[in-house]
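One structure is given here, and the rest of the page talks about it.
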2 protein chains.
Amino acid sequence: MATRRFDPDRRERIIDAALDVIAAEGVAGASHRKIAAHAGVPLGSMSYHFSGMDELLAEAFTRFGTSISDRFDERLGRAVGIDAARQAVVDLIHEDLLDSQRELVLTHELYTLAARKPEFRAITRDWMARSRRALGLHFDPVTCRMLDALIEGLSIHAALDAEPGNTEPHSDSEPSDSEPHSRARTAEAVARITTPALDSTTPDTTRKAAHE
Amino acid sequence: MATRRFDPDRRERIIDAALDVIAAEGVAGASHRKIAAHAGVPLGSMSYHFSGMDELLAEAFTRFGTSISDRFDERLGRAVGIDAARQAVVDLIHEDLLDSQRELVLTHELYTLAARKPEFRAITRDWMARSRRALGLHFDPVTCRMLDALIEGLSIHAALDAEPGNTEPHSDSEPSDSEPHSRARTAEAVARITTPALDSTTPDTTRKAAHE
DNA sequence: CAGTCATGTGTACGATCGTACACATAGGAC
DNA sequence: GTCCTATGTGTACGATCGTACACATGACTG
């Protein structure tokens with residue numbers, strides 16, 4: 001049936017190239033031609049493998065979301081006990097999320113698409129559902145949502161609060177920002193969000209029941 | 001000195017039109033021509049008033065950030081006492097941030113630019129600094145950072161977790177999502193993040209000293 | 001009133017874009 | 001070997017883009 005001539009993973013390479021080009025120049029700056037050139041395939045291949053830019057973007061960002069989720073799962077899967085889980089979250093933020101310009105850019109490009117087009121919102125929704133499922137190994141569902149949102153916010157603010165000059169967050173008159181301080185503040189935030197408020201209106205269990 | 005012929009706020013109208021076009025079609029889909037058409041000015045006006053797209057984008061998003069910050073300031077400025085402040089934050093999220101598709105889209109477009117280009121990061125940095133200053137009327141600096149990040153994360157996740165079909169968040173097997181429940185969860189999250197963890201390593205005051 | 005200059009506009013050019021479609025070519029059937 | 005077809009490619013077209021630049025024109029000067 002399949003009589004692929006050669007290079008059966010052309011499609012995959014095109015998707016990889018698309019992510020590279022988008023990371024470098026944005027969805028705005030990405031064109032069939034640039035992606036084709038970067039992947040080393042002829043222009044005609046683009047329309048042959050993908051019906052249009054939206055299909056390519058959808059596949060590319062689906063792959064991107066999956067690969068991030070995999071790391072998320074892995075870190076949280078390894079943790080045993082609630083303290084290790086909290087530490088895993090801190091590590092995630094500081095080691096995985098904050099260290100890669102590429103991932104920062106791609107994440108925002110995806111969010112921008114998702115904000116406007118429902119078909120991309122399906123991708124972000126699945127990604128978030130996976131994140132919460134991973135957190136659900138250690139925390140109750142309500143806490144998972146809050147914690148997931150906190151992770152998002154801390155990552156974004158750390159990245160977008162950086163000095164225009166370069167990558168790392170800036171210090172104003174405000175709390176100083178050497179790496180250890182920054183980590184400690186993240187740890188404190190994670191501790192707070194995973195600890196029920198005293199006058200809580202919700203039942204109150206933060207940690208998951210022992211089984212499962 | 002100034003001998004403006006007529007229509008002295010051409011520039012302003014162009015900036016407004018730019019935001020409209022970007023909200024509708026994204027930075028990717030915005031062109032000098034479309035913006036000019038929407039503003040009702042000739043194409044030549046674009047290059048006359050702005051050196052290029054980046055200058056226009058920078059001015060447009062600066063205005064956008066300022067207008068959001070104004071509302072932020074206003075709500076927090078009106079609150080007296082820490083409980084009112086917490087309530088103001090909840091209201092902010094549910095009434096200002098979640099209700100406008102336009103603002104959601106523009107915010108992400110800005111973040112995407114900021115993720116890639118330092119000159120736009122100056123805009124996000126100022127915006128965040130203003131937010132923290134407003135929160136600083138009621139909370140200590142460390143809490144301000146955490147709370148600001150939480151607000152960001154909750155807003156984003158609420159918007160991007162929506163059913164592909166439409167605007168509002170979806171429910172899975174997870175916590176249900178009618179408006180009052182959603183608000184209560186937000187309130188709980190705000191309460192948690194503004195309450196120091198028991199085993200805190202940081203000194204521990206959450207509320208600001210009485211004076212000022 | 002005439003002259004002059006800052007202010008603003010219309011048009012045309014070269015670059016780049018996505019897509020369609022006629023064509024090439026490898027691999028299996030016989 | 002010879003066909004035949006699924007698979008893949010090169011090219012050319014029309015649309016759209018940003019920008020440059022020659023020109024128009026209102027408003028002040030004298």
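Letters go in sequence order (proteins before strands), and every chain restarts at 1.
Nucleotide D:dC21 holds its P atom 20 Å from the CE atom of B:Met46, rounded to whole Å. One atom, CD1 of A:Ile14, and another, C1' of D:dT9, lie 12 Å apart when rounded to the nearest Å. At whole-Å resolution of the value, NZ in A:Lys34 and P in C:dC17 are 5 Å apart. Note: NE2 (A:His32) to C1' (D:dC17) measures 17 Å, nearest angstrom. Straight-line distance from the OH atom of B:Tyr48 to the P atom of C:dG10: 14 Å, rounded to whole Å. Rounded to an integer number of Å, the gap from B:Phe50 CZ to D:dA20 C1' is 19 Å. Between the C1' atom of D:dG8 and the CZ atom of A:Arg13 lies a distance of 14 Å, rounded to the nearest Å. If you take CG of A:Leu43 and P of D:dT9, they are 11 Å apart, rounded to a whole angstrom.
B:Thr62 contributes a side-chain N or O that, together with a main-chain N or O of B:Ala58, makes up a donor-acceptor pair within less than 3.5 Å.
Note on A:Ser45: every side-chain N or O is 4.0 Å or more away from OP1 and OP2 of D:dG8. In this model, the phosphate group of D:dT16 is not approached by any side-chain N or O of B:Ser31 to a distance below 4.0 Å at OP1 or OP2.
For the pair B:Arg11 and B:Phe50, the cation-pi test (distance below 6.0 Å, angle within 45°) is passed.
For the pair A:His108/A:Ile156, a side-chain contact is recorded, criterion being any heavy-atom separation below 4.5 Å from C-beta on. Residues A:Glu109 and A:Phe64 have side chains not in contact (no heavy-atom distance under 4.5 Å, counting atoms from C-beta outward).
Side-chain atoms of A:Arg33 come within donor-acceptor range of the base of C:dG18, with a qualifying N/O pair under 3.5 Å.
Each of C:dG8, C:dG18, D:dT19 was ranked by its minimum atom distance to the side chain of A:Met53; first place goes to C:dG18.
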